[in-house]
Amino acid sequence: MQLSETFEQMDAYLERSLLRPDPVLEAIAENSEKEGLVPHAVTPLQAEFLAFLIRITGARRVLEIGCLGGYSAVAMARALPADGYLLTTEIDTRTAKVAQANIEQSGFGDRIDLQVGPAMQVLEREQARGTAFDFVFIDADKVNHKNYLERALTMARPGTVIVADNIVRAGTVLDADSQDNSIRGVREMLAYAETLDGVEMTALQTVGAKGYDGMALFRVAA
Ligand code: DHB
Ligand code: MG
């Protein structure tokens with residue numbers, strides 16, 4: 001059996017053991033696939049990991065950078081208290097329409113604000129407004145991974161947790177000479193992390209239905 005097949009089967013086994021049927025997220029996954037969105041959403045176990053972090057940190061205001069079909073946005077919004085708020089960004093108009101429909105269908109639309117446009121523009125606007133976030137999930141284009149982290153840190157408070165997706169990319173991120181803009185973007189984020197002070201940091205390498213990848217975790221020291 002191919003190792004990737006083991007990852008997939010193990011993911012499915014853990015899902016069966018640890019997760020419960022989730023018609024809300026399943027409907028989003030199905031509709032996103034039907035609408036032809038790229039299969040880059042987080043997995044069910046990863047969605048629960050994000051929700052778990054939101055619950056244990058007591059986050060009330062969440063920023064998601066990169067919405068895609070709204071799968072992770074709904075998973076995270078659902079973990080918030082009733083007065084919680086989640087802002088998510090999507091650059092592609094058609095994708096945003098699919099996401100908005102998925103979000104409305106989910107029943108959590110009242111606490112999700114989907115803003116359409118390049119994430120950096122949305123973030124600049126929010127920063128100018130003085131918005132602060134307790135939890136940030138960075139999962140848009142990897143070219144701007146470092147820029148998103150930098151910007152997220154300006155909208156953080158002591159205790160804010162930031163999670164950055166896709167920092168391993170099957171180990172291709174090891175290649176310092178790579179001409180791939182996504183790899184370069186991730187490496188820029190990691191180089192930037194080396195310069196940070198007052199931020200607790202770690203990373204998790206992950207395997208599963210989406211192959212071999214990883215997430216970086218940041219927490220602004222309290
Ligand atoms: C890609 C992007 C993602 O956010 C992800 O989780 C997996 C892959 C990509 O652009 O290749
Ligand atoms: Mg991702």
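This structure is a prediction, so every number in the text was calculated from the model and none was measured. All ligand and atom numbering here is 1-based and tracks the order in the structure.
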Check your understanding: Looking at D165, which atoms of ligand 1 are within less than 4.0 Å of one of its heavy atoms?
Key -> 6 (O)

Practice item. Identify the protein heavy atom lying closest to atom 11 (O) of ligand 1, giving its residue, its atom name and the separation to 0.1 Å. Key: R169 NH2, 3.1 Å

Review point. Is there an N/O/S atom in D165 at a distance below 2.8 Å from the Mg ion (ligand 2)?
Key: yes

Check your understanding: With a 4.0 Å cut-off, would you call R55 and E48 a salt bridge?
Key -> yes

Review point. So, does E200 use its side chain to make a donor-acceptor pair with the main chain of G198 at under 3.5 Å?
Key: no

Check your understanding: Tell me: protein heavy atom nearest atom 9 (C) of ligand 1, and distance?
Key -> H40 CE1, 3.2 Å

Check your understanding: Does R151 come within less than 4.0 Å of E126, counting only side-chain N to carboxylate O?
Key -> no

Check your understanding: Would you say D213 and ligand 1 have an N/O pair spaced under 3.5 Å apart?
Key -> no

Point to revise | Note: D22-R78 ion pair, threshold 4.0 Å (strictly below) | key: yes

Practice item. Work out the angle at the Mg ion (ligand 2) between OD1 of N166 and OD1 of D139, rounded to 10°. Key: 90°

Review point. Taking K210 for the side chain and G208 for the main chain, is one N or O donor matched with an acceptor at less than 3.5 Å?
Key: no

Review point. Between T57 and D134, do the side chains contain an N or O donor and an N or O acceptor separated by less than 3.5 Å?
Key: no

Check your understanding: Quick one: nearest non-hydrogen protein atom to atom 3 (C) of ligand 1, plus distance?
Key -> N166 OD1, 3.1 Å

